Amino acid sequence: MTIHHHLNDDTLMAYVAGTVSESMSFVIATHLSLCATCRNKVKEMEKIGAVALEDETPLAMQSGALDMIMGMLDDNFDVESTPPANDRASSTLPMPLRQFLPDDLDQIQWRNMAPGIKTFPLPEIKAGNGAVRLLKISPGVTIPEHGHCGAELTLVLKGSFSDEVGRFKAGDIADLDEDTNHQPIADTSEDCICLIVTEGPLKFKALMPRLMQYFVGM
Ligand SMILES: [Zn+2]
């Protein structure tokens with residue numbers, strides 16, 4: 001699997017700092033389970049973050065803040081324990097999805113959403129104000145142009161789509177902020193199946209700009 005579209009650095013930073021919700025974290029971890037490039041970035045950021053935390057502690061952090069942040073990091077899905085997707089021959093699904101879905105995507109009980117668009121919600125994953133769901137888009141069908149109230153992550157599991165940003169195939173992730181409008185179209189003769197999370201972004205905590213500085217300063 002060759003991946004051309006990755007998570008943005010600020011999304012990865014927020015993931016490492018523990019400021020993304022469980023639902024965003026889930027979709028990020030699913031991409032990470034497929035993508036060595038982003039996994040390596042996360043490792044680098046975790047190293048830098050640990051140094052930044054040590055430096056920051058005596059100056060600005062209130063008592064208990066470090067424990068709180070470390071607790072938030074623990075809440076993230078554990079990438080280290082997520083082996084590559086192809087380690088179990090019976091399933092083509094990325095590891096984090098396997099507990100929620102049948103091995104064969106064709107066995108999913110899809111619900112009709114619009115002509116040529118079916119959906120399968122994943123309410124087990126806490127989503128705050130947004131939602132985690134699968135979408136199945138029939139060949140040639142376009143999702144009407146839309147913006148977002150918050151961030152949107154779209155991970156392609158099967159097939160492909162094209163939009164204003166480019167062409168997205170299996171493993172690729174579209175990492176869009178609320179300023180982006182787009183109009184994806186399933187662009188082959190195969191159904192396009194995506195994992196999508198939409199949500200309003202959480203406010204950065206005061207630590208984030210510091211972490212960002214360390215990363216950008218590399
Ligand atoms: Zn990636």
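In this chain, residues are counted from 1 in sequence order. Values reported hereafter were calculated over all heavy atoms of this structure, with side chains retained and with hydrogens, waters and symmetry mates removed. In this text the structure is predicted, and so the values were computed from the model without any measurement. In listed order, ligands and their atoms are each counted from 1.
- Residues satisfying the salt bridge (charged side-chain N to carboxylate O under 4.0 Å, His left out) criterion with Lys158, sequence neighbours excluded, are Glu190.
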- What's the verdict on salt bridge (Lys or Arg N to Asp or Glu O under 4.0 Å) for Glu44 and Lys47, showing C-alpha distance, side-chain angles and the deciding distance? CA-CA 5 Å; Glu44 285 305 307; Lys47 274 188 226 158; 3.1 Å; yes
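- Between Phe26 and Phe100, a ring centre-to-centre spacing shorter than 6.0 Å is recorded.
- Among residues two or more places apart in sequence or in another chain, the salt bridge (charged side-chain N to carboxylate O under 4.0 Å, His left out) test is passed with Arg111 by none.
- Remark: Phe161 engages Phe168 in a ring-ring contact (aromatic ring centres under 6.0 Å, His included) (not counting sequence neighbours).
- Closer than 2.8 Å to the Zn ion (ligand 1) sit the protein N, O or S atoms His6 ND1, His31 NE2, Cys35 SG, Cys38 SG.
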- Step-by-step salt bridge (Lys or Arg N to Asp or Glu O under 4.0 Å) determination, Arg98 to Asp103: CA-CA 7 Å; Arg98 288 181 195 168; Asp103 279 353; 5.7 Å; no
